[in-house]
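The first residue of the sequence shown is numbered 1, and numbering continues consecutively from there. Basis for what follows: all heavy atoms, side chains included, without hydrogens, waters or symmetry-related copies.
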Amino acid sequence: MAAQSYDVIVIGAGPGGYVAAIRAAQLGLKTCVVEREHLGGICLNWGCIPTKALLRSSEVFHLMERAKDFGLKAENIGYDLDAVVKRSRGVAKQLSSGIGHLMKKNKIDVVMGEASIPSKGKVSVKTEKGTQDLTAKHIVLATGARARELPGLEADGDLVWTYKHALDPVRMPKKLLVIGSGAIGIEFASFYNTLGAETTVVEVMDRVLPVEDAEISAFAKKSFVKQGMKIMEKAMVKKLDKGKGKVTAHIEVGGKVEKHDFDTVISAVGIVGNVEGLGLEELGVKVDRTHVVTDEYCRTGVDGLYAIGDIAGAPWLAHKASHEGVMVAELIAGKHAHPVKPESIAGCTYCQPQVASVGYTEAKAKELGYDIKVGRFPFIGNGKAIALGEAEGMVKTIFDAKTGELLGAHMVGAEVTELIQGYVVGRQLETTEEDLMNTVFPHPTLSEMMHESVLDAFDRVIHI
């Protein structure tokens, strides 16, 4: 049987993959997607979306506990963890099903199975019915990544969990250890801590949320501790001893090893690119620490082969993958493609309080040699934040003192994952401080703090 021929084959149907396929189809290219597990990939099924559904439930629960602060009465407050998880899975299923509809709408063929690339331009797919051979001039790798597991800290789904186990838990933890305080770790720590788990977070770096601006990390840590979390920085879990219904963690801190008992451990120590079994080495594709090496246009160096999303390296964000998917599809179609600029991609962490940022941290801007101006504005100075009962937080902006260029913006507090896009657009449009100062922000809104932070950087702040 002759191999089915396409203009573009996309391997992997996560955010980057399915967006690449849709854009390619829109541009008139005959397109096929190969997916081994779920349309929508990790993000829709086991990542971004279901975690936000869980966190929304914990956020509402937290507000219910604060009912008295708003002049309301709510008695005998509780939760049904199974129902919370069921809602989360339902949200994920709804969106995953929607991807299938988008594939049909755009006349994209979908082949479910395990793909490999035996030679340039050829894809072999192991399906339930046997092997299916496909060919294409252009192949896009969008196979994503999975949780990294360190020796001695391997997950078993019972006492030690990865993010997948934490999304569909076998029980509500009573005493929880979270290893790693990046976005995934701190979001799960926030969720389970809010629902009553005694939560400890261990971070090997010198602060939680280590990729964020140091000032924002410090603010967030203070809030986490206030909520009852125990934070251990410059600490490392050396090994886990599993017993009946408990885990003894050997944690090295300050040169000494301490033993602490937990009933549940969540390991969130990074990700590993899904590069195995594809035949990349034989094709001559360079792989560095499980991630495919590409140029700024996601080209692998092998003619007609591209890599996007998590498999292509940091930042490991769904919106970065989606943008790369569009870029690659347009590049293939001969359009003028715009390369991704990592320093203009926002990072969002949906813990309580939320954290969001774009561009350079204060330390990075100084390291790069910029003469900077820094502005800050606290939530306590904003009328809308006080009215919402969310007066803890801050907005921080960093400018080039010579040109007025917005170098970075960093936020912690309610809804900052929505606010950050204003600064993202500002960076994309190469906005200066003058543009932002002259922009009229609506009142009363949280966004006014963005304006005030800019004003503060240039000694013109009004409300503090």
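Residues passing the disulfide bond (SG atoms under 2.5 Å apart) test with Cys48, sequence neighbours excluded: Cys43. Shown here are the side-chain hydrogen bond (donor to acceptor under 3.5 Å, both in side chains) partners of His165, two or more places apart in sequence or in another chain: Thr162. Residues passing the ring-ring contact (aromatic ring centres under 6.0 Å, His included) test with Tyr79, sequence neighbours excluded: Phe61. When the side chain to side chain contact (heavy atoms under 4.5 Å, CB included) test is applied to Gln428, no partner is found at least two apart in sequence or on another chain. Under the rule for a side chain to side chain contact (heavy atoms under 4.5 Å, CB included), the partners of Lys259 that lie at least two apart in sequence or sit in another chain are Thr248, His250. Every residue meeting the side-chain hydrogen bond (donor to acceptor under 3.5 Å, both in side chains) condition with Glu330, not counting sequence neighbours, appears here in chain and number order: Arg23. The side-chain hydrogen bond (donor to acceptor under 3.5 Å, both in side chains) test applied to Asp263 returns no partner, not counting sequence neighbours. Under the rule for a ring-ring contact (aromatic ring centres under 6.0 Å, His included), the partners of His338 that lie at least two apart in sequence or sit in another chain are His336. Residues meeting the side-chain hydrogen bond (donor to acceptor under 3.5 Å, both in side chains) test with Gln421, sequence neighbours left out: none.
Remark: Lys174 NZ to Lys246 NZ distance equals 15.0 Å, nearest 0.5 Å. Atom SG in Cys351 sits 8.5 Å away from atom CD in Gln227 (nearest 0.5 Å). Separation of atoms CG (Leu159) and CG (Asp241) is listed at 11.5 Å; rounding is to 0.5 Å. Note that CE of Met205 is 10.5 Å distant from CE of Met236, once rounded to the nearest 0.5 Å. Note: Phe224 CZ to Gln352 CD = 9.0 Å, rounded to the nearest 0.5 Å. Taken to the nearest 0.5 Å, the CG atom of Leu55 stands 8.0 Å off from the OG1 atom of Thr194.
Taking the charged nitrogens against the carboxylate oxygens, Arg171 and Asp158 do have a contact shorter than 4.0 Å, which makes a salt bridge. A salt bridge is defined here as a Lys NZ or Arg NE, NH1 or NH2 lying under 4.0 Å from an Asp or Glu carboxylate O, and Glu37 with Lys164 meets this definition. The existence of a salt bridge linking Glu114 and Arg36 is confirmed by a sub-4.0 Å separation between a basic side-chain nitrogen and an acidic carboxylate oxygen. The pair Lys364-Glu343 does not meet the salt-bridge criterion, since no charged nitrogen lies less than 4.0 angstrom from a carboxylate oxygen.
With contacts defined as side-chain heavy-atom distances shorter than 4.5 Å, the pair Val454/Phe377 does not qualify. Looking at Val33 and Tyr18, their side chains never come closer than 4.5 Å, going by heavy atoms from C-beta outward. Considering only heavy atoms from C-beta on, Tyr360 comes within 4.5 Å of Tyr370 through its side chain. Looking at Ile398 and His410, their side chains come closer than 4.5 Å, going by heavy atoms from C-beta outward. Leu331 is listed as a side-chain neighbour of Arg299, based on a closest heavy-atom distance under 4.5 Å. In this structure, the side chains of Met172 and Tyr192 come closer than 4.5 Å at one or more pairs of heavy atoms. For the pair Trp161/Leu176, no side-chain contact is recorded, criterion being any heavy-atom separation below 4.5 Å from C-beta on. Residues Tyr423 and Val395 are in side-chain contact: their nearest non-hydrogen atoms beyond the backbone lie under 4.5 Å apart.
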Working for salt bridge (charged side-chain N to carboxylate O under 4.0 Å, His left out), residues Asp156 and Lys242: CA-CA 10 Å; Asp156 58 14; Lys242 298 176 185 177; 3.0 Å; yes

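For the side chain to side chain donor-acceptor pair (under 3.5 Å) condition, the pairs that include at least one residue of residues 196-206, sequence neighbours left out, are Ser181-Glu203. For residues 145-155, every residue pair satisfying the salt bridge (charged side-chain N to carboxylate O under 4.0 Å, His left out) rule, not counting sequence neighbours, is listed here: Arg146-Glu276.
Checking Ile308, Asn274, Leu305 one by one against Leu141, the side chain to side chain contact (heavy atoms under 4.5 Å, CB included) holds for a single residue, Leu305.
Nearest approach of Ala329 to Ala24, heavy atoms of both residues: CB-N, 3.7 Å. Taking each heavy atom of Val85 and Leu167 in turn, the nearest pair found is CG1-O, 3.5 Å.
The main-chain N or O of Ala318 is found under 3.5 Å from a side-chain atom of Ser322 such that the two form a donor-acceptor pair. At least one donor-acceptor pair under 3.5 Å links the side chain of Ser97 to the backbone N or O of Lys93.
For Ile184, the CD1 atom is loosely surrounded, since the number of other residues' heavy atoms within 6.0 Å does not exceed 12. In Lys52, the NZ atom is crowded: over 12 heavy atoms of neighbouring residues, nucleotides or ligands sit closer than 6.0 Å. The number of heavy-atom neighbours closer than 6.0 Å to CD of Glu258, taken from other residues, nucleotides and ligands shown, is above 12.
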Please report, to 0.1 Å, the donor-acceptor pairs under 3.5 Å made by any side chain of residues 208-216, with sequence neighbours excluded.
| residue | atom | partner | partner atom | Å |
| --- | --- | --- | --- | --- |
| Glu212 | OE1 | Ser357 | OG | 2.8 |
| Asp213 | OD1 | Glu362 | N | 2.9 |
| Asp213 | OD1 | Lys396 | NZ | 3.4 |
| Asp213 | OD2 | Glu215 | N | 3.1 |
| Asp213 | OD2 | Lys396 | NZ | 2.8 |
| Glu215 | OE1 | Arg376 | NE | 3.0 |
| Glu215 | OE1 | Arg376 | NH2 | 3.2 |
| Glu215 | OE1 | Lys396 | NZ | 2.7 |
| Glu215 | OE2 | Arg376 | NE | 2.8 |

